[in-house]
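Because only heavy atoms are used, hydrogens play no part in the values below, and waters and symmetry mates are left out as well, while side chains stay in. On a predicted model such as this, the values are computed, not experimentally measured, just so you know. Order of appearance sets the numbers: ligands from 1, and atoms from 1 within every ligand.
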Amino acid sequence: MGYQEAYEKLEKYGQLHVLKYYEELSGYEKEELLSQIGNTDFEMLGQCSRKEELNPRGRITPIEVMQLPEIEQKREEYTKTGLDAIRAGKVGAVLLAGGMGTRLGSDAPKGVYDIGLTKEVFIFQRLVENLMDVVRQAEAWIPLYIMTSDKNHEATTAFFKEKNYFGYNPDYVTFFMQDMAPASDYNGKVYMEEKWKMSTSPNGNGGWFLSMVKWGVVDKIREAGVEWLNVFAVDNVLQRIADPCFVGATIATDSAVGAKVVRKNAPDEKVGAVCLEDGRPSIVEYYEMTEELMDAKDEQGEPAYNFGVILNYLFREKDLEEIVARKLPLHIVEKKIPYLDENGMLIKPDSPNGYKFEQLVLDMIHELDSCLPYEVVRNYEFAPIKNKTGIDSVESARQLCRENGIEL
Ligand code: UTP
């Protein structure tokens, strides 16, 4: 994009401050900045003034969950169906590792965090070890697709190489990068992180499939005959990945998506709860849970919204293309964003100072016709690491690993 065009684009969106240092930039820096302006969607920044009205909810009602007793009864049958699909190469795993992990407070990718006490136990290593259990059981490699972002791609790929993929077969590992979105102050003015570069952050975990399309990974998947994608978060060090019983249950019930859920430990626990919204599967976020929803009971007299998602979903690939063509809702989230102050000094704030713009994988559920919420045993499969200490932390995950006999 040329200077004049860039100027006009910025003027249209009230972002002319981006060119403040343009005259002092080198030829290379000028080019980089103009190209970044050309590639940036500034439209979304304007949404922050009406962020409360952005995603109106429909009528929330309970959804049926496949609970542990039913799963136990059918475990053998589902496991066989799942293993057959895995052996036929129909199941892939997608690790969402593009996030910044800011709450953990490390600049490195979250997966390289070492939770070991007497030896090294990296988060990525735990996930690969969990997946290897199924590889051994099925006697078949499972393609593993790893999403990174501009902020952590080099570090992530180098780490896997250095660690020899923790014993995984590199022929079955594919990296791809997600897109970035501009980050702004509270008035929607984009921050600068260099005189020649606007502040950006990964555009949320909802863009994973579109990024797979962009990177040509979806073509590869189709060629290979992969029909199901088990999408999972980087931070749950206990989760079962490509779990044959879960795969089998989702296939057997002909669901467009399976969602692993855990029984909530309190009505206001900070996890999204599975539900129906206007009759379609959906997830109501913890901050959207009203007193009424928290008190609601189902026909058995149990809390009606008692199952929380753990970011482990099994998507039917053929249903995804149509979804990504439609736009997922935009979420505007308060974050700490490094920025240049008026004197051109880089500031790394200690508390939130603006907005990130994200799309979320959980919004994909509402776009699909059917969803199987599938209960898993909480202490056996859910040890998320969001913080260093306290709830959902390195400490709590270590405790849960110990309970499950994992040496640290
Ligand atoms: P989180 O919601 O925990 O976000 O991501 P985060 O950015 O990693 O952490 P904080 O909020 O800054 O502390 C849940 C999952 O989604 C992935 C993360 O890597 C994690 O596996 N994710 C998140 C992405 O892949 N891309 C994103 O843009 C955001």
How far is atom 24 (C) of ligand 1 from the closest protein heavy atom, and which atom is that? Gly99 N, 3.2 Å
Counting each atom of ligand 1 from 1 as listed, which ones have a heavy atom of Lys386 under 4.0 Å away? 1 (P), 3 (O), 14 (C)
Testing the 3.5 Å rule here: is there a donor-acceptor pair between the side chains of Asn379 and Glu403? yes
Quick one: does any side-chain atom of Arg57 pair with a main-chain N or O of Glu277 as donor and acceptor, under 3.5 Å? no
For atom 8 (O) of ligand 1, what is the nearest protein heavy atom, given as residue, atom name and distance? Gly101 N, 3.3 Å
Counting non-hydrogen protein atoms only, what is the nearest one to atom 4 (O) of ligand 1? Give residue, atom name and distance. Arg103 NH2, 4.2 Å
Scan Glu381, Lys260, Gln239 and name whichever one has a side chain to side chain donor-acceptor pair (under 3.5 Å) with Asn312. Gln239
Asp107 bridged to Lys348 by N-O distance under 4.0 Å: yes
Give the atoms of ligand 1, by number and element, whose distance to some non-hydrogen atom of Met147 is under 4.0 Å. 25 (O)
For atom 20 (C) of ligand 1, what's the nearest protein heavy atom and its distance? Leu96 O, 3.7 Å
Test item: Arg280 side-chain N/O and His366 main-chain N/O as donor-acceptor pair under 3.5 Å: yes
Sequence neighbours left out, what passes side-chain contact (heavy atoms from CB on, under 4.5 Å) with Lys90? Give chain and number order. Ala85, Ala88, Glu227
Below 3.5 angstrom, do we get any N/O pair linking Leu104 and ligand 1? no
Honestly, is Lys30 close enough over Tyr3, meaning NZ or CZ under 6.0 Å from the six-membered ring centre and within 45° of the axis? no
Side chains of Gln125 and Glu129: do they bring a donor and an acceptor to under 3.5 Å? yes
Which bit of Ala97 gets closer than 4.0 Å to ligand 1, counting heavy atoms only: side chain, backbone, both or neither? backbone
Donor-acceptor under 3.5 Å (Lys189 side chain, Gly14 main chain): yes
Asp254/Arg316 salt bridge by N-O under 4.0 Å criterion: yes
Considering the heavy atoms of Lys335, write down every atom of ligand 1 situated less than 4.0 Å from one of them. 10 (P), 11 (O), 12 (O)
For atom 26 (N) of ligand 1, what is the nearest protein heavy atom, given as residue, atom name and distance? Gln178 OE1, 2.7 Å
Here the atoms of ligand 1 under 4.0 Å from any heavy atom belonging to Gly98 are 19 (O), 24 (C), 25 (O), 26 (N)
Heavy-atom nearest neighbour of atom 16 (O) of ligand 1 within options Asn205, Asp179, Val234, Thr102: Asn205
If you measure every N/O of Phe232 against every N/O of ligand 1, is any gap under 3.5 Å? no
To which protein heavy atom is atom 28 (O) of ligand 1 closest, and what is the distance rounded to 0.1 Å? Gly204 N, 2.8 Å
By number and element, which atoms of ligand 1 are closer than 4.0 Å to a non-hydrogen atom of Leu311? 14 (C), 15 (C)
If you measure every N/O of Met100 against every N/O of ligand 1, is any gap under 3.5 Å? yes
